[in-house]
Enquirer: 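Before I ask anything, here is the structure I am working with.
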Number of protein chains: 2
Amino acid sequence: MLTPSETKTLKFIQKYCIEKGCSPTLTEIADGIGIKSRGVIHRYLKSLESKKLLSIVSNRKRGICLNLEAYENQSIAPIIPLLGRIAAGQPIEAIEDRHEINLADFIMNPDRFALQVTGESMMDAGILDGDTVIIKHQNTANNGDIVVALIDGIEATLKRFKKLPKGMILLIPENKSMEAIAYEAERIQIQGVVVGQLRSYQ
Amino acid sequence: MLTPSETKTLKFIQKYCIEKGCSPTLTEIADGIGIKSRGVIHRYLKSLESKKLLSIVSNRKRGICLNLEAYENQSIAPIIPLLGRIAAGQPIEAIEDRHEINLADFIMNPDRFALQVTGESMMDAGILDGDTVIIKHQNTANNGDIVVALIDGIEATLKRFKKLPKGMILLIPENKSMEAIAYEAERIQIQGVVVGQLRSYQ
DNA sequence: TTGAATGTTCTCCTTTTGTTCTCTATTATT
DNA sequence: AATAATAGAGAACAAAAGGAGAACATTCAA
C-alpha cells in the first residue's frame, strides 16, 4: 500500500523517464512534486525500494531503476496519467491543462453503453472492425453525429447522420467503397450517438 | 444487517477506492457522508470490520481494506455493459448477449499512461490526430507492435516496430504518404508499447 | 585535480490521522 | 417507563506521514 506522497513520487519518476529517457535526480523529483528537501525524497525512494517498486544504485547519480513488473499489480484507479503530446519527430510535449484522464468520466455514465463494431463501414473515420464504441442513449441526433440507427425496426447500423429536406435522413458510411443511403425519417429510429471509441491491442 | 449509516459508509468507501485507487481517511469519509466527527466514523468502521465487510490495519493511515464480497453487486465497478455487436450494413445480432466490458482489464494498470497523438502518421492503423493512446511502459517490443520510441534520446515518435538483421530497427508509419526509416538499434530507445486507443467525440 | 552537483544520513519539527473516550439525542421495543 | 439500539459531537492522546535542513560522502565533468 502506497502513501499519496509515494504515489506522487513514483508517478513523477515514471513520467520523467518517459519524457527524458533517464531517471531524475533527487532535486528534480523534489521540484517536480513541490518539496524542498532532497532528504525527504530519499526517504520516499527508500520506502518505494523496500516495496520492490524500484531499485536504487547506491551513490550513482540518476541511479533509480523502475521495477515495471512489480508495478503491474498495484492497486488501480480508473485514472491514467496523460503525459503529453506525441508528434512524429518532436520531443514529447508536456500538457499543462490536463494531467490525467478519468475513464469514469469518459465512459461510466448511466446512459452509456458499449457496442462492439463488426465490419468496415466506418473505417475511414478510424472506427475499425473489432473496435468498441461508447454510445450515449438518445433518440435524436445532430448532423455529423455518428449514430446507431435502427432501420425499419430491424436492421441496426452505425453511420454518420445527416438530415435532408422533405423528411429524409441520409446515413453515410465512412468508407470509400460504400454509398450513402437516404431513408424516409419514419423508417429510421435513432438508438444513440457515438460519444467515444476504444480499441485494445492486447 | 447493516444500519443505514454503515451502508452509507461502506458505499462511500467503495466508491472512493474505485475512483482514487486508495482508501479514504476518516475525515474524508466524514465529509463524504456529512458527518463532523471522526470518532463516529471509526465506530462504524469497527462495526463493519466485525461484520467481515472490511479489515483495518491498525494505526495505518488509509488502512482500510475492503473484502472481496463487498465489491460484488456494486454497480460502481468500472464496468460498462457491452450490448452486442453491431454489424454495419448487416442485420443486427441479438442485443441480449449481455457481456460486460471491464475497463480494469482493458487499460487500467498503473504501468500504463496516456499520450495524445498529434499528426497523421498512424492514420491507416485507425489512430487519428487527437486520439489518445494507452501505453504500457516497457523497454522491449515485438515485431508488429506499435511503440513509442525515443530516437537519439530526444525525438519521440509513434511507429510500428520491426527488428531487422544486423542490429537495425525499422520504424514504420501507417500512412501511405510516409516512408519507413531504419535506424541502428543503439539510437532507438523503446519507451512503451501501445495497448489501447481511445477517442472522445464529445 | 578540483569543485559543483548529487546522494546519503541525520535530527528536529508540524500536521494529519487513527484511536479511545465521554456526553447527548432520538427512536423503537419491551 | 425503562431499555437498547442507533446516531452524532467533540475532546484528548499517540502514532504516522509529511517536511525542512544541516552535515557529510560520493560522483562526475570541466
Side-chain angles (χ1 to χ4, degrees), chain A residues 1-17 19-67 74-75 77, chain B residues 1-17 19-67 70 110 152-154:
Chain A
M1 196 64 103
L2 299 184
T3 68
S5 291
E6 288 166 359
T7 306
K8 258 170 86 178
T9 305
L10 195 56
K11 291 236 160 122
F12 178 84
I13 296 171
Q14 188 193 13
K15 178 176 170 175
Y16 190 103
C17 288
E19 282 175 1
K20 309 281 169 85
C22 66
S23 57
T25 64
L26 297 201
T27 309
E28 286 168 338
I29 300 174
D31 286 350
I33 67 176
I35 281 177
K36 288 174 188 164
S37 163
R38 275 175 298 159
V40 174
I41 302 298
H42 190 261
R43 197 204 297 148
Y44 292 160
L45 291 181
K46 279 293 177 194
S47 170
L48 287 167
E49 188 178 34
S50 76
K51 291 170 183 170
K52 312 282 184 200
L53 288 165
L54 48 80
S55 55
I56 302 172
V57 184
S58 278
N59 291 313
R60 161 73 44 74
K61 300 189 180 185
R62 301 181 187 276
I64 302 168
C65 297
L66 289 177
N67 184 353
Q74 280 294 301
S75 80
Chain B
M1 200 59 176
L2 295 186
T3 70
S5 293
E6 287 167 359
T7 307
K8 258 169 84 178
T9 304
L10 189 58
K11 290 231 158 139
F12 178 83
I13 297 170
Q14 288 166 338
K15 187 168 170 227
Y16 190 102
C17 287
E19 283 177 2
K20 310 277 171 107
C22 68
S23 55
T25 65
L26 297 201
T27 308
E28 286 168 338
I29 300 174
D31 286 350
I33 67 177
I35 281 178
K36 288 173 188 165
S37 164
R38 275 176 298 157
V40 173
I41 303 297
H42 189 261
R43 196 203 301 146
Y44 292 160
L45 291 181
K46 279 293 176 193
S47 170
L48 286 167
E49 187 178 34
S50 76
K51 290 169 184 171
K52 311 283 183 201
L53 288 166
L54 48 80
S55 54
I56 301 172
V57 184
S58 277
N59 290 314
R60 160 73 44 73
K61 302 192 178 184
R62 300 180 187 276
I64 302 169
C65 297
L66 289 174
N67 287 351
D152 299 328
I154 303 175

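Numbered from 1 within each chain, the chains take letters A, B, ... in sequence-line order. Only heavy atoms go into these numbers, but all of them, side chains included; no hydrogens, no water, no symmetry mates.
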Enquirer: Contact class for B:Ser37 vs. all strands (heavy atom < 4.0 Å): base, sugar-phosphate, or nothing?
Expert: base
Enquirer: Rounded to whole angstroms, how far apart are CD1 on A:Ile35 and P on D:dG21?
Expert: 12 Å
Enquirer: Within 45° of the six-membered ring axis of B:Phe12 and under 6.0 Å from that ring's centre, is NZ or CZ of B:Lys15 located there?
Expert: no
Enquirer: Would you kindly give the NE2-to-P distance between B:His42 and D:dA11, to the nearest whole Å?
Expert: 18 Å
Enquirer: Check the distance between D:dA22's C1' and A:Lys36's NZ and give it to me in whole angstrom.
Expert: 16 Å
Enquirer: Less than 4.0 angstrom between a side-chain N/O of A:Tyr44 and OP1 or OP2 of D:dG19, yes or no?
Expert: yes
Enquirer: Output the rounded distance in Å from CZ (B:Arg38) to C1' (D:dG8).
Expert: 15 Å
Enquirer: What contact category does B:Ser5 fall into here, base, sugar-phosphate, or nothing, at under 4.0 angstrom with non-hydrogen atoms?
Expert: sugar-phosphate
Enquirer: Would you kindly give the CD1-to-C1' distance between B:Ile29 and D:dA7, to the nearest whole Å?
Expert: 16 Å
Enquirer: Measure from CD1 on B:Ile56 to P on D:dA16 and round the result to the nearest Å.
Expert: 16 Å
Enquirer: Just by distance, do the side chain of A:Thr25 and the backbone of A:Arg62 share a donor-acceptor pair under 3.5 Å?
Expert: no
Enquirer: Atom CE of A:Met1 to atom P of D:dA17: distance rounded to whole Å?
Expert: 12 Å
Enquirer: How would you label the contact of A:Arg60 with the nucleic acid (heavy atoms, under 4.0 Å): base, sugar-phosphate, or nothing?
Expert: sugar-phosphate
Enquirer: Nearest to the A:Leu26 side chain among C:dT19, C:dG7, D:dG8, which nucleotide is it?
Expert: C:dG7
Enquirer: What heavy-atom pair brings A:Glu6 and A:Met1 nearest, and what distance separates the two atoms?
Expert: OE1-O, 4.2 Å
Enquirer: Below 3.5 Å, does any donor atom in the side chain of A:Lys61 face an acceptor in the base of D:dT26, or the other way round?
Expert: no
Enquirer: Taking the nucleotide of DNA chain D with the nearest heavy atom to each, does B:Gly39 or B:Thr3 sit closer to the 5' end?
Expert: B:Thr3
Enquirer: What nucleotide among C:dG18, C:dG7, D:dG8 has an atom nearest to a side-chain atom of B:Arg43?
Expert: D:dG8
Enquirer: With distance as the sole test, does A:Arg38 use its side chain to make a donor-acceptor pair with the main-chain N or O of A:Leu26 at under 3.5 Å?
Expert: no
Enquirer: Crowded around B:Lys51 NZ? As in, over 12 foreign heavy atoms under 6.0 Å?
Expert: yes
Enquirer: Could you tell me the separation between the CG atom of B:Asn59 and the C1' atom of C:dT20, rounded to a whole number of Å?
Expert: 11 Å
